[in-house]
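Below: one structure, written as structure tokens.
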Protein chains: 2
Amino acid sequence: MPNTHETPLPNTRETGPELSSVWLRVFLEVARHGSFTVAARTLGWTQSAVSRQVASLEAALDGGPLFDRLPRGVALTEAGRLLVPYAETVTGALRDARRDLGALREAAGGRLRFGAFATADAALVPHALALFRARHPRVRVVREEGFTPALLDRLTAGHLDLAVVSTTGRAPLESYELHHLLDEPLYVAVPAGHPLAGHEGPVPLGRFADADWISGSPRPEGTLLDAALRQGFSPRVAHVVGEWTAKQGYVAAGLGVTLVPALAAASVRPDITLLRVLDDGAPARAVYAATLRGRSLTPAASAFLDAVREATATIPA
Amino acid sequence: MPNTHETPLPNTRETGPELSSVWLRVFLEVARHGSFTVAARTLGWTQSAVSRQVASLEAALDGGPLFDRLPRGVALTEAGRLLVPYAETVTGALRDARRDLGALREAAGGRLRFGAFATADAALVPHALALFRARHPRVRVVREEGFTPALLDRLTAGHLDLAVVSTTGRAPLESYELHHLLDEPLYVAVPAGHPLAGHEGPVPLGRFADADWISGSPRPEGTLLDAALRQGFSPRVAHVVGEWTAKQGYVAAGLGVTLVPALAAASVRPDITLLRVLDDGAPARAVYAATLRGRSLTPAASAFLDAVREATATIPA
DNA sequence: GAGTCTCATGCGTATTCGGCATGGCAGCCA
DNA sequence: TGGCTGCCATGCCGAATACGCATGAGACTC
């Protein structure tokens with residue numbers, strides 16, 4: 001019952017008393033059988049209940065009787081005949097809504113939109129996606145590639161449900177829900193003939209303070225080379241190369257060394273040697289599955305997150 | 001709550017808890033405004049009521065939360081987004097049903113299907129129809145012509161809402177609701193030169209016991225000539241003529257006389273004289289608007305019945 | 001850190017909604 | 001023709017529901 005303290009706004013158009021979907025289902029059942037008693041039996045109720053349901057519906061619609069009460073059962077009036085298709089529309093829509101929501105809940109429908117940065121796509125994401133598709137084949141999957149900032153923007157704009165991102169030093173990762181996946185050890189990629197190529201065990205990054213570096217950016221800040229800054233030296237970037245494949249070519253040619261995150265370790269060419277960087281302190285790079293803070297995950301996104309976590313276990317730490 | 005005495009039939013498929021249309025309207029309002037509080041104000045309720053409505057809907061649908069509760073308002077979840085079009089379908093169907101029922105109730109829509117026998121179509125029905133169309137221009141009218149028995153069959157079969165019929169003596173008018181319209185006096189049609197043509201006042205039917213009769217049927221039973229039987233003589237049917245216009249030709253030619261019901265009195269040719277039959281006893285012929293017994297009239301049919309009654313008043317008794 | 005804005009929830013009351021039992025009406029059959 | 005039967009309507013009562021009110025909890029803002 002509306003309170004009387006608030007003045008209804010003009011757009012509160014009068015729509016009459018509210019209806020219950022029960023009434024309409026009962027109405028259709030009565031219309032189908034032409035009898036309150038039979039409809040009651042079918043619905044598992046008593047005749048009196050059905051009688052009241054119909055009476056309530058008739059009163060709520062205020063369109064006169066929906067049935068003529070005959071000595072043997074009832075028959076639809078013109079008003080009743082008019083109502084039938086609408087009632088079917090309503091009950092049908094409710095049934096379909098339930099069906100779709102059920103599919104969504106079981107991740108047997110709906111969609112999953114996620115993005116990932118490039119090296120995550122090398123092994124982590126494919127593994128996770130394979131797991132997910134096997135478990136939830138009915139979910140439509142939309143995948144995007146991009147760098148962490150762009151992916152987060154897509155997330156904020158509501159175009160993604162989940163993004164696999166990495167922290168490269170300081171990152172504006174506030175207002176996101178971060179599901180930690182793994183901390184990537186760093187490797188230094190050196191040509192096969194490099195003096196340290198045969199070195200056993202982790203190598204302190206300081207050993208490369210004087211090396212020529214291949215990097216995707218002329219400045220180390222915000223990239224993997226942040227780690228060098230934390231080690232107290234400013235790396236000399238000899239060549240700015242963006243593409244991972246191209247970078248490998250530069251390294252193999254002896255033009256410099258570069259940092260490789262663990263996720264990309266499995267995809268280096270054979271004439272390059274990876275040296276594990278000694279991890280003394282905060283991990284160089286953390287990988288997260290990011291979602292919007294405060295927003296609930298779709299069942300599909302939740303299942304994909306599980307799959308990513310499982311896939312993480314298969315990645316060598 | 002279903003009782004436990006009756007075993008649900010197999011076709012009682014599980015559809016989950018029932019929904020209230022209120023919940024869906026509230027849901028849409030909340031979705032539109034992104035806020036329980038604002039939606040509550042719009043709907044003229046309190047915030048707590050809206051909160052409960054949404055909670056009830058979420059529980060009934062069992063598809064997880066429909067909204068993410070944010071520090072400032074709420075936002076649809078995927079499940080909520082999925083529900084929106086269905087909720088709009090439901091509320092739209094209910095709104096349309098109300099609109100159509102309202103139009104039906106006001107006889108501002110819907111249809112009227114009626115039939116009438118031929119002489120009623122001479123003046124009574126056209127007058128009534130003119131009145132009705134002026135008052136209810138939006139009602140689609142379907143008209144039929146036919147003899148009383150055929151019209152009643154059409155009524156029984158559900159093809160007509162109302163039939164203007166006449167009793168010609170004994171008629172199988174049971175199981176119909178008869179709305180008496182008028183009792184037609186009878187006239188005897190004689191050629192202008194007939195000895196009684198100048199007679200003043202009603203004439204006893206017995207005066208025509210020896211006359212040649214023009215009738216639509218060789219036997220008087222069940223026709224207007226029933227009246228002759230009631231007067232104690234068996235009329236000699238000299239010519240069997242069905243069409244009213246043709247009948248007039250036979251009478252004008254002096255081949256016989258015929259009975260004319262009052263409704264046709266206005267449409268006789270000028271070289272025929274009508275003599276009022278002395279009405280001593282039961283009226284010769286009653287005209288009714290018949291509807292199905294026990295069935296409620298549509299508002300349009302009811303309005304048409306009123307119009308016929310009014311039109312009746314304009315017919316000379 | 002106080003203030004503010006949001007939604008959630010405990011409580012009390014009024015309404016609604018079942019089932020049950022009964023009544024009324026009309027057709028059927030002996 | 002009168003009892004019987006089948007069907008819908010309704011008074012009654014207990015239980016569930018739904019509202020408003022008041023208050024609590026959480027998070028952002030200044």
Side-chain angles (χ1 to χ4, degrees), chain A residues 1-6 17-27 29-31 33-60 65-77 80 174-175 177 292-296, chain B residues 1-6 17-27 29-31 33-60 65-77 80 174-175 177 292-296:
Chain A
M1 184 182 311
N3 66 19
T4 54
H5 304 298
E6 302 290 347
E18 296 290 345
L19 307 183
S20 161
S21 75
V22 202
W23 298 349
L24 292 179
R25 297 216 320 126
V26 170
F27 165 76
E29 205 66 25
V30 171
H33 292 102
S35 158
F36 285 19
T37 305
V38 174
R41 205 151 29 221
T42 302
L43 294 164
W45 286 347
T46 60
Q47 172 269 326
S48 71
V50 171
S51 175
R52 272 181 235 271
Q53 299 273 8
V54 174
S56 298
L57 181 62
E58 289 173 331
L66 297 169
F67 295 98
D68 283 319
R69 275 66 168 180
L70 304 177
R72 276 298 192 274
V74 297
L76 284 170
T77 63
E174 297 314 311
S175 85
E177 198 75 47
L292 282 180
R293 172 177 298 279
R295 302 303 182 90
S296 61
Chain B
M1 183 182 314
N3 65 21
T4 54
H5 304 300
E6 300 291 346
E18 296 292 345
L19 306 183
S20 162
S21 76
V22 200
W23 296 349
L24 292 178
R25 298 217 317 127
V26 170
F27 165 76
E29 206 66 25
V30 171
H33 292 101
S35 158
F36 285 18
T37 305
V38 174
R41 204 152 33 225
T42 303
L43 294 165
W45 287 345
T46 60
Q47 172 269 326
S48 71
V50 170
S51 175
R52 273 182 236 271
Q53 301 271 9
V54 173
S56 298
L57 182 62
E58 289 172 330
L66 296 170
F67 295 99
D68 282 320
R69 275 65 168 181
L70 303 177
R72 275 301 192 271
V74 297
L76 284 170
T77 63
E174 297 316 311
S175 84
E177 197 76 46
L292 282 180
R293 170 176 300 277
R295 304 300 184 89
S296 62

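Lettering follows sequence order; numbering is per chain, from 1.
Note on B/Thr46: every side-chain N or O is 4.0 Å or more away from OP1 and OP2 of D/dC21. Contact annotation: A/Thr37 side-chain N/O to D/dC7 OP1/OP2 distance is not under 4.0 Å. Between A/Ser51 and D/dA9 there is a side-chain N or O to OP1 or OP2 distance below 4.0 Å. Contact annotation: B/Ser35 side-chain N/O to C/dC7 OP1/OP2 distance is under 4.0 Å. OP1 or OP2 of C/dG27 has not a single side-chain nitrogen or oxygen of A/Arg72 nearer than 4.0 Å. Using a 4.0 Å cut-off, no side-chain N or O of A/Arg69 falls inside it from OP1 or OP2 of C/dC25.
For A/Phe67 and D/dC8, the CZ to P distance is 10 Å, given to the nearest whole Å. As a whole-Å value, the separation of A/Phe36 CZ from C/dG19 P is 15 Å. Rounded to whole angstrom, the span from the CG atom of A/Leu66 across to the P atom of D/dA9 amounts to 12 Å. Protein atom CD of B/Glu58 is 12 Å distant from nucleotide atom C1' of C/dA8, rounded to whole Å. Protein atom CG of A/Leu43 is 15 Å distant from nucleotide atom C1' of C/dG19, rounded to whole Å. For B/Gln47 and C/dG10, the CD to C1' distance is 14 Å, given to the nearest whole Å. In this structure, CZ of B/Phe27 is placed 17 Å from C1' of C/dC7, rounded to the nearest angstrom. Atom CG in A/Leu70 sits about 9 Å away from atom P in D/dC8, given to the nearest Å.
Residue A/Arg41 places no side-chain atom within donor-acceptor reach of the base of D/dG6, judged by atom type and a 3.5 Å distance cut-off alone.
For the atom pair B/Arg293 CZ and A/Leu70 CG, the distance stands at 12.0 Å (nearest 0.5 Å).
Judged by closest nucleotide on DNA chain D, A/Gly34 is the one of B/Gln53 and A/Gly34 placed further toward the 5' end. Of the two residues near DNA chain D, B/Val50 and A/Gly73, the one whose nearest nucleotide lies more 5' is A/Gly73.
Ring planes of B/Phe67 and B/Phe27: tilted class, angle from 30 to 60°.
Closest to the B/Trp45 side chain, of the nucleotides D/dC19, C/dG19, C/dA26, is D/dC19. Comparing D/dC28, C/dG19, D/dC21 against the side chain of B/Pro71 picks out D/dC28 as the nearest.
Proximity of a side-chain donor or acceptor of A/Thr77 to a complementary backbone N or O of A/Leu66 within less than 3.5 Å is detected.
Shown are A/Thr46, A/Val54, A/Val26; of these, the side chain to side chain contact (heavy atoms under 4.5 Å, CB included) with A/Phe36 is made only by A/Val54.
Annotation for B/Asp68 and A/Arg295: closest pair OD2-CA, 3.2 Å, computed over non-hydrogen atoms.
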